[in-house]
Each structure stands twice: as structure tokens, then as C-alpha cells.
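Notes follow once the structure below has been shown.
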Amino acid sequence: MIETGMRLPEARFLRIGAGGPEEVLLSSLVRGRKVVIFAVPGAFTPTCDSAHVPSFIRSMDAYRAKGVDEVICLSVNDAHVMRYWGETTGAAAAGITMLADADGAFARAMGLAYDNPAAGMFGRSRRYAMAVEDGVVTAFELDPLGQCSLSTGEALLEKL
């Protein structure tokens, strides 16, 4: 499992651009930059939609004031879902980059993939938040399954 001090593995995410789905390399997002990445088990799911994403929307000005170049939300969903979720929650308007870990490869590479059959979720990502500088994790918070407290926007902000 990823931890503070480790370099992030390379990953390919998807987003909807002007011409449709486009690939984004993680290295292009983090190289020489200070970035916050948070992951949720699923777009439009109750806690992710009502608590986790809103906590980062509320914190965006404070992250900018701390010199964070970009805040990225990841989920094992498709790029269309992530685009629409960003629009409906206000995350996109707040400046949060919504990216799809469409096949869950990044969640697996990070050691953070899990299944929750009772909720109908398979191959999803655990709920976490991290600060990354030039590709190296400088702060990492992983929530226990079923909780959203350690990885909120406000909680990670306190670590910066």
C-alpha cells in the first residue's frame, strides 16, 4: 500500500475533453507541482456525494492559499460519469479535476482496491486523500471502510 514518502506509480486516467474521452497521465499532473488527490468509492454514492466531495469544494480557497496547484478527485467510474458528477456537485465549477480510474488499475497499483458486495461495489477504490509534491506523497490519510473523516478536505488541509 502507498504511504507517505513514496513516489506515485505512473497511471492513466480518463476525462471528457472537447473532443470526447481523453487520456491523462498522472506524471503530467504531478511533475514539478503540488497536487492534492482524493479518491472515493463511487460517484453519486451517498457519502461521496453528500460529504466527501463537498468537503473539498469548501476547502478549495484554503488549498490555493497553501500553494496547491490542483485538486483531483478519482473514482473507479467512467469519464462520462465523472464529468457529469463534477457538474452536478459543483466540483468542476470549484476547480476540482474529476478523473476516471476507469478500470481500477491505479487503485490496484496503490494497494487500495476493494470489493463491497453488500453495496454492489466491486473493484472500487478505498476512500483516501493525499498531498503530493513532484510525484512524492507528502501526506496520506486513509479512512476505515464505511467512514469519511480522515480524508475530508478539511482534515487533509490540517496536514499541509
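Every value quoted in this text rests on a predicted model; they were computed, and no experiment measured them. The first residue of the sequence shown is numbered 1, and numbering continues consecutively from there.
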Return the minimal non-hydrogen interatomic distance between [X] and [Y], and the atom names on each side.
X     : Y     : answer
Gly90 : Ile57 : C-CD1, 3.8 Å
Ala91 : Met98 : CB-SD, 3.9 Å
Val53 : Cys73 : CG2-SG, 4.4 Å

Quiz prompt | Same apolar cluster (I L V M F W Y, side chains within < 4.5 Å links), Phe140/Leu8 | solution =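 Yes.
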If you measure from [atom1] on [X] to [atom2] on [Y], what distance do you get to the nearest 0.5 Å?
X      : Y     : atom1 : atom2 : result
Leu14  : Ile16 : CG    : CD1   : 7.5 Å
Met130 : Met6  : CE    : CE    : 10.5 Å
Leu99  : Arg83 : CG    : CZ    : 14.0 Å
Ile37  : Ile2  : CD1   : CD1   : 9.5 Å
Leu74  : Thr97 : CG    : OG1   : 10.0 Å
Phe13  : Ile72 : CZ    : CD1   : 7.5 Å

Quiz item: Less than 4.5 Å apart, any side-chain heavy atom of Val36 and any of Leu157?
Solution: no
Quiz prompt | Side chains of Met1 and Leu142 in contact at under 4.5 Å (non-hydrogen atoms) | solution =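 Yes - at least one pair of side-chain heavy atoms lies under 4.5 Å apart.
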For residues 105-123, please give each side-chain donor-acceptor pair under 3.5 Å, one per line with the distance, not counting sequence neighbours.
residue	atom	partner	partner atom	Å
Arg108	NH1	Asp103	O	2.8
Arg108	NH1	Gly104	O	3.4
Asp115	OD1	Gly123	N	2.6
Asn116	OD1	Ala118	N	3.4
Asn116	OD1	Ala119	N	3.4

Exercise. Return each pair, listed once, that meets side chain to side chain donor-acceptor pair (under 3.5 Å) where at least one residue sits in residues 122-138; pairs must be two or more places apart or across chains.
Key: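 Qualifying pairs, neighbours excluded: His52-Arg127.
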Exercise answer: donor-acceptor pairs, residues 38-48 side-chain atoms, under 3.5 Å, sequence neighbours excluded:
residue	atom	partner	partner atom	Å
Thr45	OG1	Gly42	O	2.6

I'd like to know if the side chain of [X] reaches the main chain of [Y], judged simply by a donor and an acceptor atom lying under 3.5 Å from each other, with no hydrogens or angles considered.
X      : Y      : result
Asp143 : Ser149 : yes
Tyr63  : Gly153 : yes
Lys34  : Ala131 : no

Practice problem: Examine the side chains of Ser151 and Glu141 and answer whether a donor and an acceptor come within less than 3.5 Å of each other. | Solution: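 Absent: no donor and acceptor within the cut-off.
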Quiz item: In the hydrophobic cluster built from side-chain contacts under 4.5 Å, what are the other members alongside Leu150?
Solution: none
Pair up each side-chain donor or acceptor in residues 20-31 with any protein partner under 3.5 Å, not counting sequence neighbours, and list the distances.
residue	atom	partner	partner atom	Å
Glu22	OE2	Arg15	NE	2.8
Glu22	OE2	Arg15	NH2	3.4
Glu23	OE1	Arg12	NH1	2.8
Ser27	OG	Glu10	OE2	2.6
Ser28	OG	Leu25	O	2.6

Quiz item: Looking at residues at least two apart in the chain, or sitting in another chain, which of them share a side chain to side chain contact (heavy atoms under 4.5 Å, CB included) with Glu154?
Solution: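 Scan of Glu154 (side chain to side chain contact (heavy atoms under 4.5 Å, CB included), adjacent residues dropped) gives Ser55, Arg58, Ser59, Thr152.
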Quiz item: What's the verdict on side-chain contact (heavy atoms from CB on, under 4.5 Å) for Met60 and Ile96, showing C-alpha distance, side-chain angles and the deciding distance?
Solution: CA-CA 8 Å; Met60 285 300 290; Ile96 297 172; 3.6 Å; yes
